[in-house]
Amino acid sequence: MNGPTPVTDRPIEILLIDDDEDDYYLTKQVLSDISHASFNLQWIWKFEEGFEAIRRGEHDIYLLDYRLGEKSGLELLKEARALGCKSPIILLTGQSSTEIDLAAMDAGATDFLEKSRLEAAVLDRTIRYALQQRQYETQLEKKVAERTEELARANEALRLADKRKDEFLATLAHELRNPLAPIRNALEIMRIAADNPATIEKARLIMERQTHTLIRLIDDLLDISRITRSKLTLDLDLLLVREIIDLSLETSQPLLDKAGITLDLEMPERELKVRGDRLRLAQVFSNLLNNAAKYTKRGGRVCLKVTQSDSFAAICVQDTGVGIPPEMVSQIFELFTQVDRSLNRSQGGLGIGLSLVKKLVEMHGGSVQARSEGIEKGTEILVKLPLIEC
Ligand SMILES: Nc1ncnc2c1ncn2[C@@H]1O[C@H](COP(=O)(O)OP(=O)(O)OP(=O)(O)O)[C@@H](O)[C@H]1O
Ligand SMILES: [Mg+2]
């Protein structure tokens, strides 16, 4: 017959707290009859010393006599539990009494044993069960602690995301409100200057420009909401990188010109072909060029360089602008992240552009990376798109 599985490999440390020396010898004898496990039995007969020993928690298990001189084992048990002691404590009772047994369980005894029936098989089973129970509790406590830690971390991430969303809402309200003031003013001007065509044309241009800003803002929002719900589909075509760049420049060149920034374009001799959505890829590069224009001072330069890197088309947009602090470089692709909102206020924007870039590039099987030597040291964004060889 297989013996019971031992709970530990080393001897089991047992402390008997009992005011009767005979009980000590009896317990020692009974333990020595348990052949498949080894025990170290220690004996203490005073309540206070017993309490101290339990407090130190150096034993695996405690056997506690119900009678301890003036006091009772039950009191000691209660005090030990009140102190937070979680070790198995078995109460040894004089004779079987339901009342005492119940009181023992209530006070937190792991088990109780009738002294007169103390024999090897019973003690063995009780010790084993109590130790296994404790082992199980410890594992459970560990799991609960790990889970609590995980939840705390998830909670913190949620809190940060929530904070970012709150900040985003404030920015959004601001960004949506911004174009409305000039539109309202332009309407007023049109009313007053009804018979002055030149003024009316100026007002109309203001309204056109501001409406365009609003539409772009809302389109970005719709795009990001489609992407996060996996509702955005790509209209795939075989494309030349050159035509994508040309298309993006149709949108961005006026902005670069207006910001007084020179663009250097470096294209490879050989045409590079990729499979992708023409408008979406043009959106990627115009977002990057718009950022370069937005975050570079007048007189600065932007270089758009296309090269082949193994089986990828590498498109690098480099500027001589304000740069990005090192700790933010990895975060700028996250939705609603802006390096310095107070600074960006004057620049406008919602912190969506780069997040869209990353998602769109990844949907094309590509990757995007940012690099900056730091503040005022310029920024470089590298997009890689898988090449089609044909
Ligand atoms: N070329 C760049 N140089 C310096 N900082 C940049 C550059 N591109 C992006 N950033 C920083 O990264 C942040 C996130 O860029 P992203 O394009 O996502 O948002 P945005 O430009 O602020 O607003 P949006 O693009 O939604 O109009 C910017 O707010 C800016 O702080
Ligand atoms: Mg942007």
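Both counts, for ligands and for their atoms, begin at 1 and track the order of listing.
A salt bridge links K358 to E362: one of the charged nitrogens lies within less than 4.0 Å of a carboxylate oxygen. Of the charged side-chain nitrogens involved, none lies within less than 4.0 Å of a carboxylate oxygen, so that K359 and D223 do not count as a salt-bridged pair. A salt bridge does not link E79 with R55: none of the charged nitrogens is closer than 4.0 Å to a carboxylate oxygen. Using a cutoff of 4.0 Å between basic side-chain nitrogens and carboxylate oxygens, R125 and E119 are not scored as salt-bridged.
Counting heavy atoms under 4.0 Å from ligand 1, residue M328 does not touch it at all.
Residue contacts with ligand 1: E376 is excluded, as none of its non-hydrogen atoms falls under 4.0 Å.
For atom 1 (N) of ligand 1, the candidate residues are T171, V329, D319, I352; the nearest heavy-atom contact is made by D319. Taking each of G378, G351, G323, A293 in turn, the one with a heavy atom nearest to atom 23 (O) of ligand 1 proves to be G351. The option with the heavy atom closest to atom 18 (O) of ligand 1, from among I324, I224, L354, is L354. Among A370, S372, G349, G321, the residue whose heavy atom lies closest to atom 27 (O) of ligand 1 is G349.
Note: an N/O pair closer than 3.5 Å links Y295 and ligand 1 by distance alone.
Those atoms of ligand 1 that come under 4.0 Å of a heavy atom in V339, given as number and element, are 11 (C), 29 (O), 31 (O). Near T337, meaning under 4.0 Å from one of its heavy atoms, ligand 1 places the atoms 13 (C), 14 (C). Per-residue contacts place I332 under 4.0 angstrom from the following atoms of ligand 1 (heavy atoms of the residue considered): 12 (O), 14 (C). Which parts of ligand 1 touch R216 is read off a 4.0 Å heavy-atom cut-off, strictly below it: atoms 27 (O). Close approach of ligand 1 to G353 (heavy-atom distance below 4.0 Å) involves ligand atoms 16 (P), 17 (O), 18 (O), 24 (P), 25 (O), 26 (O). Atoms of ligand 1 found under 4.0 Å from any heavy atom of V322 (numbered from 1 in listed order, with element): 4 (C).
Side-chain contact check for Q283 and N287: no donor-acceptor pair (N or O, by modelled atom type) lies under 3.5 Å.
Counting heavy-atom neighbours within 6.0 Å of D310 CG, excluding the residue itself, gives a total of 12 or less.
Among the atoms of N290, no N, O or S atom falls under 2.8 Å of the Mg ion (ligand 2).
Between F51 and F47, the ring-plane angle classifies as parallel under the 30° and 60° cut-offs.
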